[in-house]
Amino acid sequence: MMCLLIRKRINSFGDHLQEAFAKGLLKPGMNVMVDKRKKFVNSVEGLKHCLADFRKDLPWPERLDMTNPPAEDILSKGQVTAQQASNGELDADDDFQREMFFYRQAQATVLESLPLLKMHGIVTKRPDDYFAEMAKSDQQMQKIRKKLLSKQMILDRSEKAKKLREQRKFGKKVQVEVIQKRQKEKKAMMSAVKKYQKGMTDKLDFLDGDKAKTPSDSSKKVTNKKGPNSKRKYKDQKFGFGGKKSGKKWNTKESFNDVSSFRAKVAHAKGGPRGKKGQKNSKQNKRPGKSVRRKMKSRS
């Protein structure tokens, strides 16, 4: 209702302004906004009437109001007395002094109100079987409890899932390591079998399985590593020890002058008829067959 009245007044004021503008009554500089001074009304009668409404003749247990000066400060006696505080000599800008004043005033109120409460039969101590009702109802507390339990269950599930994932990762890692170890052992065993088949070694230690290696074995291995391995020995036995192959039969100055191995009978063929000697020598220098050479190699 109030809004409708305000709108009507605004509309009527706007109509008056439009009419004045049409007649040429409004000119620039004629209208100046002036702030009116606020008029303060000191209605003494009204204030007294309000005070009479507030003031009620009720007994003190119903009002429980106390007006008293602060208690005497025993610890800092002589600095600020109760009379000085009541006379307004307290420094309000000093935070510590101001807070101590409030504290002592509350202390004086307690000291004066306790005897009055006992006189009116009002209990000031809480009984042993005191039961204080909570601000929230039991239903609300049950809801909160259920919510907390559900959150705890969710956390427990996430922790269990995390542990299971870690265990699976660890299990996969162990499985991969075991598979790699088996493959390595298999590879080592196959290489040892091949060496045995080729005659590079005559040991059958690879058939013993996964036996713990003693420190003596490791020391033997270290000592064996100093010389050539079995593969190198087999190659040397089969193909020789290497070195320069070409130019072995070339004469040098020393070999040319050395005639200690010269035999005149052999050089001039005085040992008998050539044909027979040639046949005899051909039989002696004849190369053995392949099977014989194999047998000779296996014996060696």
Point to revise | Spacing of CG belonging to L116 relative to CG belonging to L64, to within rounding of 0.5 Å | key: 9.5 Å
Check your understanding: Between M153 and R157, does a side chain to side chain contact (heavy atoms under 4.5 Å, CB included) hold up when you go through it step by step?
Key -> CA-CA 6 Å; M153 288 174 66; R157 286 176 185 173; 3.8 Å; yes
Exercise for review: Would you check if E159 and L155 make a side-chain contact, meaning some heavy-atom pair closer than 4.5 Å?
Suggested key: no
Review point. Are L148 and M141 connected in the hydrophobic side-chain network, where two residues link if heavy atoms are under 4.5 Å apart?
Key: yes
Review point. Below 4.5 Å, heavy atoms only, C-beta onward: do D53 and H49 meet side chain to side chain?
Key: yes
Check your understanding: Looking at N251, D258, T252, which hits side-chain contact (heavy atoms from CB on, under 4.5 Å) with E254?
Key -> T252
Practice item. Evaluate the criterion side chain to side chain contact (heavy atoms under 4.5 Å, CB included) for residue pair Y234 and N229; output intermediate values, then yes/no. Key: CA-CA 9 Å; Y234 176 75; N229 57 8; over 6 Å; no
Review point. Hey, does E177 have a side-chain heavy atom less than 4.5 Å from the side chain of K173?
Key: yes
Point to revise | Exceeds 12 heavy-atom contacts within 6.0 angstrom, atom CZ of R145 | key: no
Revision key, fill the gap. Heavy-atom nearest pair, A108 first then P70, reads CB-C, 4.0 Å
Point to revise | Inter-residue atom distance L164.CG - R168.CZ, 0.5 Å rounding | key: 5.5 Å
Review point. What pair of heavy atoms forms the shortest contact from P228 to K233, and how long is it?
Key: O-CE, 3.5 Å
Practice item. Assess whether side chain to side chain contact (heavy atoms under 4.5 Å, CB included) is satisfied between I122 and K118, documenting all intermediate values. Key: CA-CA 6 Å; I122 298 172; K118 287 182 180 179; over 6 Å; no
Check your understanding: Does any non-hydrogen side-chain atom of F102 lie less than 4.5 Å from one of Q107?
Key -> no
Point to revise | Gap separating the CE atom of M119 from the OG atom of S113, nearest 0.5 angstrom | key: 11.5 Å
Exercise for review: Give a yes or no on whether a salt bridge exists between R232 and D236, defined as a side-chain N under 4.0 angstrom from a carboxylate O.
Suggested key: yes
Review point. Measuring from Q142:CD to L149:CG, what's the distance to the nearest 0.5 Å?
Key: 9.5 Å
**Study point:** Over all atoms of both residues, closest heavy-atom pair of H120 and P61
**Key:** CD2-CG, 3.4 Å
Exercise for review: Determine yes or no for a side-chain-to-main-chain donor-acceptor pair under 3.5 angstrom, with R104 supplying the side chain and A71 the backbone.
Suggested key: yes
Review point. Of all heavy-atom pairs between D65 and W60, which one has the smallest distance, and what is that distance?
Key: O-NE1, 2.9 Å
**Study point:** Gap separating the OG1 atom of T67 from the CD atom of E112, nearest 0.5 angstrom
**Key:** 10.0 Å
Exercise for review: Mark yes when over 12 heavy atoms from residues, nucleotides or ligands other than R294 sit less than 6.0 Å from its CZ; otherwise mark no.
Suggested key: no
Review point. Hey, what do you get for CE (M66) to CD (Q105), rounding to the nearest 0.5 Å?
Key: 10.5 Å
**Study point:** Heavy atoms of other groups near D156 CG, more than 12 under 6.0 Å
**Key:** yes
Practice item. Taking the side chain as every heavy atom from C-beta outward, state whether V44 and K48 have any pair of such atoms under 4.5 Å apart. Key: yes
**Study point:** Least distance between heavy atoms, R63 atom then L58 atom
**Key:** NE-O, 2.8 Å
Check your understanding: Is any side-chain heavy atom of D93 less than 4.5 Å from a side-chain heavy atom of R98?
Key -> no
Point to revise | Heavy-atom check, side chain of K162 versus side chain of E166, under 4.5 Å | key: yes
